[in-house]
Amino acid sequence: MAEKKTPREILESKGPIDKDVLGIKLRGVKPDAALVDLQTPIPLDAQFDLVRRGQKEALELIRHSSAHVMADAVQRLFPGTKVTFGPATENGFYYDFDRKGGAFSDEDLAKIEATMREIIATKSSFKRERISREDAIALFSGKGETYKVEWMQTLPPDTEFTVYRHGPAGHEWVDFCKGPHVPNTADLAAIKLTAVSGTYWRGQEGNPVLQRIYGTAFASEKALEAYLKQVEEAKARDHRKLGKELELFAFDEAAPASPFFLPRGAKVYHRLVDYVRDLYFRYGYDEVVTPQIYSNEVFRTSGHLANYRENMYMALTVEEFEDEKVFAKIRESMTDPTGDPEKLAFLAKHTRGVKAMNCPGHAQLFSHRKRSYRELPWRCADFGRLHRFERGGVVHGLARVRTFCQDDAHIFCTLAQVEAEIGKFNALLDEVYGAFGFQDVNIKLATRPDKRMGSEAQWDEAERALGKALEGVGRSFEISEGEGAFYGPKLEYHVKDAIGRSWQLGTIQVDFQMPQRFELKYVDEHGKDQTPVMLHRAVLGSLERFFAVYLEHIAGNFPVWLAPEQICLLTVSEKVEDYAREAEGFLRSRGVRTALDLSPDKLGAKIRSARGMRYPYLAVIGAKEAEGRTLALRRGNEELGALPLEQIADRLVDEGKFPRKG
RNA sequence: GCCAACCUAGCUCAGGGGUAGAGCAGCGGUUUCGUAAACCGCAGGUCGUGGGUUCAAAUCCCAUGGUUGGCUCCA
C-alpha cells in the first residue's frame, strides 16, 4: 500500500495553511468519497483541490460538524439521551436522538442553540482517531449508546472504524463517525436550529420513534440571513396563502384534503384544461369521458384491487350494507392483507370501487370493439376526476389531495411505435414547460419497485425501451432505482421553479401488464391478433398539484392568458360609473375577462387592493376617459396612457391567447 | 398511520382560570375624489367539537376532527 499522509501534513510541508481552508476535494474519486477533511490520511500522490470557507463543498463539512456540536449540546443538557445519526443535508443538517423524556420543545431548541454557541466558542479542534471495531463497540457500549453499537455491528468486516472528538479537555464529546469535519469548532460561524420532528430509527415504520432536530449552518452570518430570507420568500409564495388571498380555492372539514375551487380559481383551472385540450388537438389525441365508479371486476383485472386497495375508496350500496352475511364477507375480504385470489374474486363480484386511475377504464374502452393496427397509436385522453385515499399526515394544500384530475392519457401502440411516441411526448413537454416558463427540466428513469406485477423479462424490456427512447432524442437522464409504478417503469420529468425548488410534473410509463390483463388485442396487417403496449402519460401531472407549483412559481402573478380576470377597471368617482359599466360590457363582449371596482374608495385605495389581487392590467376611468371613450391603462407599475377601448380589447385578446411554440 | 405544534370574527392575529379584543374585509353614512390605505358609525364569535376538573374554563386535563412541520408514502 502506498504511503499516506494527511492533507494537513502535505500542505504544511509547503508552508502555513490558510485558515479559510476547511478540507480538500480529491480528484478522480467518486463524488460521495471526494470530500475529505485535513486529518484523514490520503495517498501521497493524490491529486486534490482545496475546499475553502464560502465554497459549496465547505457547507457539507460545516453542517456535519454542526450536527456533532448539536448532539454534544443535547447530551450536556439532557443526560441519558442516546445519539443515532446526524448527517448534513441539502439545506442544513439534522441529528436523531432517543430522548427519555420524549420530544424537544421550542424552549429546548433555544437552550440547545445557546449551548452550541458555548461549545463553538471553546475553539476546540475536531480530532480524528482510528479505532478497532472491538474498541469502538466497547467505548459506545460503555456510554450506553445502543443505537451506535447496533449500527456498528451491522457494518461489513472491512469497514475502517473512526471516531471524531471535539471540545475542551475533560469535556470532550466523541461520536462514531467517518467524517469529514472542519478543523475547529470555531469554523462554525452561523448556526440556527429550525425544527423538531419525529422519525423512525433507520427510517422504518414500526421501529422506535426518535426525535429529530433540524438545523442549518452557513459559512457566514450573512449567508445564513440570505437563506432565512429565501425561506421567508418561499413562505410568501405558499400556494395555500395565495389561494386564500386571491380567492382561488378553499378547503373545508366537510371534505378534508379535497379542494373547493372558487370562481376565480375555477377560471384558471378551466383555462389550463382548455390549453391542454388545444395541445391535444394538435398532437393527435382523442379525449374521452369515462365513469367514476366501476365494478371491482375491472380493478381486479387491472391489479388495483390487489395492489392499490389501501388508496382506493370503495362504493357500497345500502343493499350491500343490509345483507349482513355479504357485508361481513366484503369486510373480511377487503381487509385481508394477503390478497387471497378467492377473496378478490368475491369482491370483484359484489363490490364497486371509485377510480383512482383512469387506465382500467381506458383498457375497458379499448376492448369495446375490434381494433385495427391502422388506428394505432391511439392516444386516449381523459380529464376524469380521481379519488385516492391519502393518509392524514401526507396531505398538503393542493399539492397532495384526495381528489384530483390529471391531464391523463393512455397511448395504445405497437412495441415498434413506443420509441417514436416517447419522442413525440418529449416534444409536447418541451412546448408546455416552455409555455409556463420552466427552464430547467430533469428526467429520471424510475425502475422496478419491490411490489410489482409481471416477469423480470418484461421489466427488462420496458426499462430498456424507455432508456433507448430518451437516448434516441438525445436527452440525458438519471436512474431512480426502485421508484417505478407497480405495473411498469416510468420517466419522471422534474422542473425547477423560480426559487430553485424541484417538482415532478410529467411522467410517461411503459406498461405491458395492463394490456395483457385486459387481454387487449388489435388485428395486425396479416389479420392476426396482437397485444398492444400501453403508455401512461401526463404532462402537467395532477392539475391540482400543477396549480400549486405554478402559483408558487409565478408568486400569484398569472399571465394574461391564464389570469382569472385579465383587467380590472377602476373608477375615479361615481360620476363615470355608467361609462365604466359600458366599457366592462364591451370588453366582456370581446371575450376579455374583466373585473370592475365601483366602490366609493379613492383611486389610490382601489389601486392598492387591485394590485393585491394581482390583475395583469389595471384601467383607470375618470372624466377624461369617459369623454374620449378610452381607458388609462396600467401594467404593474408602468402607466401606458389613455388608449381607445377597441385597442385595449385587441391587445388583451391577443395576449390572452394560448402560448404556442413557433 | 407515526412524532410534535396549532385551531379565538370572513381574513391576519392579541388574550392563557374571573363579563371575548384589535386591524383589515363587510354594512350604513359623510366625502365625488386621478395612480399603493379618506373620515365617522354599526354589526359580527357557544374561542374546532364532545366530555371532565373547578364556585368559575377560550385558558387546565382527556377524547375527537381539522390544519401545519417532519417521518413514511406519493400525481
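Throughout, a chain's letter reflects where its sequence line sits, starting with A, and its residues are numbered from 1.
At the phosphate of B/rC33, OP1 or OP2 sits under 4.0 Å from a side-chain N or O atom of A/Lys575.
For A/Tyr493, the ring pair (Phe, Tyr, Trp, His ring centres under 6.0 Å) partners are A/Phe425, not counting sequence neighbours. In this structure, the salt bridge (Lys or Arg N to Asp or Glu O under 4.0 Å) partners of A/Arg400, at least two apart in sequence or on a different chain, are A/Glu390. Evaluation of the salt bridge (Lys or Arg N to Asp or Glu O under 4.0 Å) rule for A/Arg277 yields A/Asp274, A/Glu287 as partners, not counting sequence neighbours. Residues satisfying the ring pair (Phe, Tyr, Trp, His ring centres under 6.0 Å) criterion with A/Phe85, sequence neighbours excluded, are A/Trp151, A/Trp201. Looking at residues two or more places apart in sequence or on another chain, you find a side chain to side chain donor-acceptor pair (under 3.5 Å) between A/Asp430 and A/Arg475. For A/Glu245, the salt bridge (Lys or Arg N to Asp or Glu O under 4.0 Å) partners two or more places apart in sequence, or in a different chain, are A/Lys241. Listed by chain and number, the residues in a salt bridge (Lys or Arg N to Asp or Glu O under 4.0 Å) with A/Glu574 amount to none (sequence neighbours excluded).
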For this session: Could you run through nucleotides 67-75 of chain B and give me one letter per nucleotide, 5' to 3': B if any protein heavy atom sits under 4.0 Å from the base, S if only the sugar-phosphate is that close, - if neither?
Result: SSBBBBBBB
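B/rC42 is paired with B/rG26 under the criterion used here, namely a Watson-Crick or G-U wobble arrangement in which both key atom distances are under 3.5 Å. Using Watson-Crick or G-U wobble geometry with both donor-acceptor distances under 3.5 Å, B/rU72 finds no partner in any strand shown. B/rG17 is unpaired under the Watson-Crick or G-U wobble criterion, no partner having all donor-acceptor distances under 3.5 Å. Remark: B/rA5 base-pairs with B/rU67. Criterion, Watson-Crick or G-U wobble with two distances under 3.5 Å. Nucleotide B/rA58: unpaired (no Watson-Crick or G-U wobble partner with both distances less than 3.5 Å).
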Report all interatomic pairs (protein N or O, nucleotide N or O of nucleotides 42-51 of chain B) with separations under 3.5 Å.
none

Report, one pair per line, the protein and nucleotides 8-13 of chain B atoms (nitrogen or oxygen only) whose separation is under 3.5 Å.
| from | atom 1 | to | atom 2 | distance (Å) |
| --- | --- | --- | --- | --- |
| B/rU12 | OP1 | A/Lys244 | NZ | 3.0 |

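Distance check on atom C1': B/rA22 versus B/rG48 gives 22 Å, rounded to whole Å. As rounded to the nearest Å, B/rC6 and B/rG10 have P atoms that lie 23 Å from one another. When the P atom is compared between B/rA37 and B/rC42, the two are found 26 Å apart, to the nearest whole Å.
Identified under the salt bridge (charged side-chain N to carboxylate O under 4.0 Å, His left out) test for residues 82-93 of chain A, with sequence neighbours left out: none.
A salt bridge between A/Glu483 and A/Lys444 is absent, with no side-chain N of the basic residue lying under 4.0 Å from a carboxylate O of the acidic one.
Comparing atom distances between the A/Glu625 side chain and each of B/rG34, B/rC33, B/rA36 picks out B/rG34 as nearest.
A cation-pi arrangement, defined by a distance under 6.0 Å to the six-membered ring centre and an angle within 45 degrees of its axis, is absent between A/Arg379 and A/Tyr280.
Near RNA chain B, meaning a heavy atom under 4.0 Å from it, residues 603-615 of chain A has A/Leu603, A/Gly604, A/Ala605, A/Ile607, A/Arg608, A/Arg611 in order of number.
Protein atom CG of A/Asp108 is 14 Å distant from nucleotide atom C1' of B/rA5, rounded to whole Å. Whole-Å rounding puts the A/Asp601 CG to B/rC40 P distance at 15 Å. The CD-C1' distance, from A/Glu574 to B/rG34, rounds to 16 Å in whole Å.
Side chains of A/Arg63 and A/Asn91: a donor-acceptor N/O pair is absent below 3.5 angstrom, by distance only.
Using a 4.0 Å heavy-atom cutoff across all strands shown, A/Ala538 reaches no nucleic acid atom at all. Looking at heavy-atom distances under 4.0 Å, A/Val209 makes contact with sugar-phosphate atoms alone, never a base.
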